[in-house]
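Each ligand, and each atom within it, is numbered from 1 in the order the structure gives. As the structure is a prediction and not an experimental result, all values here were calculated from the model.
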Amino acid sequence: MDFAYTIAGSEATGGAGLQTDLKTFHELGTYGLGTITCIVSFDPKNNWAHRFVPVDPQVIADQIGVAVATHDLHTVKIGMLGTPTTIDTVATALKSNEWRDIVVDPVLICKGQEPGAALDTDTALRKKILPLATVATPNNFEARTLAGMDSLTTVDDLIEAAKRISELGPNAVVVKGGMDFPGDDAVDVLWNGEAHVFTEPKIGQERVSGAGCTLAAAITARLAAGAELPQAVADAKALVTRAIRGRVEANTPFASVWQGASL
Ligand code: PXL
């Protein structure tokens, strides 16, 4: 049995966060378990505004303690943490186990939040979490923020951002070009001492919720199952492409990925 573990936020629509991670783990044949760091419930009566509640630090530490006591875990994904206090708690609790792979999706803000809210989280992630990462998976905005670059418009820019972020600690970095990347292709770059470029045609013009979470969770599941990193990223990209193609339209401003799509 391959166990894949996520430490992430709950997103109440089911379209992103821990719910998405567990669906992805299951779809890829791993046994998933998760620790909730915060609860995000968009407000349907207020234009789906972002509501965010952190989980008590002791409750986060307790969940991590029971997860590592229950199974021999060696692969973990870190998703949304949300506050500097949570970042401290998770960084400390992670040290209670020996990890082969720590995949960090450096979620600074979620869709609908103001970029300003990212500043203190950015500083704490940079100092406490990125140095623990074996793989980091920033999106375009997170990569620009962490690498200190104004824009990422070419494949060389994505590679440069990935290299700069690897200098903050992670052995490997996957930068997701996403919808902000110009052109017709969804381009992701893996830097692990050499550059690997993964390209698929963009599907539609709209952002789809949960795509980034799914990519990082799928990398985690494939690493948990023993894949080498470049193959894990290729497999993850294939699943995200399928999940975007099979997206679920909803009353929210964004459609959500669906990992179970058979398209
Ligand atoms: O997609 C980033 C993300 C991650 N985790 C949680 C979220 C979001 C975006 O809404 O709510 C919990």
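Assignment of Ala8 to the shell around ligand 1 is not supported, since no heavy atom sits closer than 4.0 Å. Under a 4.0 Å heavy-atom criterion, Phe42 is in contact with ligand 1.
The aromatic rings of Phe42 and His50 sit perpendicular, their planes meeting at an angle over 60°, well past the 30° parallel limit.
Close approach of ligand 1 to Met80 (heavy-atom distance below 4.0 Å) involves ligand atoms 5 (N), 6 (C), 7 (C), 12 (C). Residue-ligand proximity, Gly9 to ligand 1, at heavy-atom distances under 4.0 Å covers atoms 12 (C).
Between Asp185 and Lys202 there is no salt bridge, since no side-chain nitrogen of the basic residue lies less than 4.0 Å from a carboxylate oxygen of the acidic one. A salt bridge is defined here as a Lys NZ or Arg NE, NH1 or NH2 lying under 4.0 Å from an Asp or Glu carboxylate O, and Glu249 with Arg247 meets this definition.
In terms of modelled atom types and a separation under 3.5 Å, the side chain of Glu200 and the main chain of Thr241 share no donor-acceptor contact.
With a heavy-atom cut-off of 4.0 Å, Ser209 does not touch ligand 1 at all.
Remark: the Asp101 side chain and the Thr75 side chain contain no N/O donor-acceptor pair separated by less than 3.5 Å.
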